[in-house]
Amino acid sequence: EAQVTQNPRYLITVTGKKLTVTCSQNMNHEYMSWYRQDPGLGLRQIYYSMNVEVTDKGDVPEGYKVSRKEKRNFPLILESPSPNQTSLYFCASSLSRTGNIHEQYFGPGTRLTVT
Amino acid sequence: SQQGEEDPQALSIQEGENATMNCSYKTSINNLQWYRQNSGRGLVHLILIRSNEREKHSGRLRVTLDTSKKSSSLLITASRAADTASYFCATSQETSGSRLTFGEGTQLTVNP
């Protein structure tokens, strides 16, 4: 089944404790992206990647890191999480390198709480 | 400010009625996409309309695009309780390279 998977689905952590949210897609998509969704602010892009070893900042990259060592994986790293990073996070992928020509496929989401 | 802004923010209708949601945007686009999100879940792509298209259909969905007014509408006909969800428009701007910009969504509630 074609899908985007994220792990963990739920995470409660404390300020400053490094964490990684994994994202994997099995559709051989070129483009991958991370979003955060907050009430009243909609969906905002954190980082995206158009190819292996190519990543770019989105609208809200501060406090986050990403890597794209393999085509299928695009982990999101919070080196020192803070309470303002409490949010619902989505990974997405798309067939085309630019990510905006075809539809994006979204993962199920990761609900992160930082205390 | 958001490139895509949906209107209304919330819509409540009875089963069987039609639901219309609108999206306005500010700059020229390559395409506009509509997504659906059930509470707390990932977004699901519904339909993509390109800037040179005016109308597209998919099942009970009808999307229109008016580039002169920089607006789009999503019509769901004969709504069902299962259509209850948030609906987002996303624009691919000519100047934004590879990104999609999402609006804040319309919360649709279909009452049985």
Side-chain angles (χ1 to χ4, degrees), chain A residues 2-7 9-10 23 25 27 29-51 54-61 68 87-113, chain B residues 1-10 21 23-53 56 58 61 63 74 85-107:
Chain A
Q3 61 183 347
V4 178
T5 57
Q6 294 178 229
N7 282 292
R9 294 289 314 280
Y10 302 91
C23 172
Q25 50 93 6
M27 295 169 279
H29 283 174
E30 299 285 343
Y31 181 93
M32 297 186 75
S33 178
W34 276 102
Y35 298 90
R36 62 178 288 175
Q37 185 176 33
D38 302 287
L41 296 176
L43 215 64
R44 295 179 292 168
Q45 189 176 46
I46 303 170
Y47 269 96
Y48 64 95
S49 168
M50 293 193 288
N51 207 338
V54 178
T55 63
D56 279 296
K57 295 177 180 179
D59 297 314
V60 287
R68 188 94 180 269
S87 186
L88 180 58
Y89 291 86
F90 290 102
C91 180
S93 71
S94 186
L95 178 64
S96 58
R97 188 178 60 85
T98 59
N100 58 358
I101 299 175
H102 300 94
E103 65 263 41
Q104 293 196 7
Y105 291 78
F106 281 78
T110 294
R111 188 167 292 279
L112 172 65
T113 302
Chain B
S1 61
Q2 292 285 340
Q3 162 73 340
E5 295 185 4
E6 290 90 346
D7 168 58
Q9 287 189 326
M21 289 159 272
C23 171
S24 60
Y25 56 91
K26 294 182 173 61
T27 61
S28 296
I29 60 171
N30 295 315
N31 67 61
L32 186 145
Q33 305 181 29
W34 285 91
Y35 288 80
R36 164 197 168 121
Q37 182 184 33
N38 287 85
S39 180
R41 294 178 174 257
L43 279 72
V44 175
H45 181 263
L46 295 177
I47 202 162
L48 182 154
I49 187 165
R50 304 192 190 284
S51 59
N52 61 353
E53 297 175 311
K56 284 189 87 168
S58 177
L61 306 181
V63 169
L74 169 67
S86 292
Y87 292 82
F88 295 85
C89 69
T91 54
S92 166
Q93 301 166 54
E94 289 182 348
T95 58
S96 71
S98 61
R99 294 163 55 184
L100 283 182
T101 304
F102 288 81
E104 293 183 28
T106 292
Q107 172 62 50

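Protein chains get the first letters and strands the later ones, always in sequence-line order, with residue 1 at the start of each. Please read all numbers here as calculations on a predicted model, not as lab measurements.
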Student: Within the 4.5 Å heavy-atom criterion, are L43(B) and L43(A) side-chain neighbours or not?
Tutor: yes
Student: Under 4.5 Å from any heavy atom of chain A, what part of L48(B) do you find: side chain, backbone, both or neither?
Tutor: side chain
Student: In Å and rounded to the nearest 0.5 Å, what is the CG to OG distance from L100(B) to S94(A)?
Tutor: 7.5 Å
Student: Mark yes when over 12 heavy atoms from residues, nucleotides or ligands other than Q3(A) sit less than 6.0 Å from its CD; otherwise mark no.
Tutor: yes
Student: Where does Q6(A) contact chain B at under 4.5 Å (heavy atoms): side chain, backbone, both or neither?
Tutor: neither
Student: With the side chain counted from C-beta on, respond yes when Q104(A) and Y35(B) share a heavy-atom pair under 4.5 Å apart, and no when they do not.
Tutor: yes
Student: If I compare all heavy atoms of H102(A) with all of Q33(B), which pair ends up nearest, and what's the gap?
Tutor: O-NE2, 3.5 Å
Student: Given heavy-atom pairs under 4.5 angstrom as the criterion, report whether the side chain, backbone, both or neither of Y35(A) touches chain B.
Tutor: side chain
Student: Name the region of Q37(B), side chain, backbone, both or neither, that has any atom closer than 4.5 Å to a heavy atom of chain A.
Tutor: side chain
Student: Can you tell which part of D59(A) gets under 4.5 Å to a heavy atom of chain B, answering side chain, backbone, both or neither?
Tutor: both
Student: With a 4.5 Å limit on heavy-atom distance, are the side chains of Q37(A) and F88(B) in contact?
Tutor: yes
